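What follows is a short report on a single structure.
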Amino acid sequence: MHTALNIFVAALFFSENFVWGIVWFLISILVGITRILLKRHTLQEVLSGGIIAVIVSAFYLYFN
């Protein structure tokens, strides 16, 4: 959920300001890496959360 939420926020920033979207997306990647390093999630869980967030964000931004 941590990575998914941050990727969704990055998508919202992309719609308003491209630079802030890139910055927040990089923060999202760091969050995902820390979840794996702290052994809170596996790589598959982080990647699946990120993919789900990208799909939901795309639908939200497209239909909103």
Side-chain angles (χ1 to χ4, degrees):
M1 190 66 189
H2 297 93
T3 305
L5 178 63
N6 279 304
I7 289 177
F8 181 73
V9 172
L12 293 177
F13 277 127
F14 270 123
S15 67
E16 297 297 320
N17 185 321
F18 183 76
V19 174
W20 279 108
I22 293 292
V23 169
W24 205 268
F25 185 73
L26 293 174
I27 290 170
S28 302
I29 292 171
L30 289 175
V31 168
I33 290 170
T34 60
R35 302 310 295 169
I36 295 168
L37 290 176
L38 292 173
K39 299 186 189 301
R40 300 289 185 224
H41 297 289
T42 63
L43 176 63
Q44 292 82 6
E45 290 172 337
V46 171
L47 289 178
S48 62
I51 291 168
I52 291 169
V54 167
I55 292 169
V56 170
S57 299
F59 276 113
Y60 176 78
L61 293 174
Y62 179 75
F63 289 113
N64 194 6

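Reckoned from all heavy atoms, side chains included, excluding hydrogens, waters and symmetry mates. Keep in mind that this is a model prediction, so the values were computed, not measured.
Cluster membership for Leu30 and Leu43, using ILVMFWY side-chain heavy atoms within less than 4.5 angstrom, is not shared.
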Just distance, no hydrogens or angles: give the donor-acceptor pairs under 3.5 Å from side chains in residues 3-17, sequence neighbours left out.
{"from": "Asn6", "atom 1": "OD1", "to": "Trp24", "atom 2": "NE1", "distance (Å)": "3.2"}
{"from": "Asn6", "atom 1": "ND2", "to": "His2", "atom 2": "O", "distance (Å)": "3.0"}
{"from": "Ser15", "atom 1": "OG", "to": "Leu12", "atom 2": "O", "distance (Å)": "2.6"}
{"from": "Asn17", "atom 1": "OD1", "to": "Val19", "atom 2": "N", "distance (Å)": "3.0"}
{"from": "Asn17", "atom 1": "OD1", "to": "Trp20", "atom 2": "N", "distance (Å)": "3.4"}

Got a list of side-chain donor-acceptor pairs under 3.5 Å for residues 46-56, not counting sequence neighbours?
{"from": "Ser48", "atom 1": "OG", "to": "Gln44", "atom 2": "O", "distance (Å)": "3.0"}
{"from": "Ser48", "atom 1": "OG", "to": "Glu45", "atom 2": "O", "distance (Å)": "3.0"}

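Test Leu38, Ile36, Thr42 against Arg40 for side chain to side chain contact (heavy atoms under 4.5 Å, CB included) and you get one pass: Leu38.
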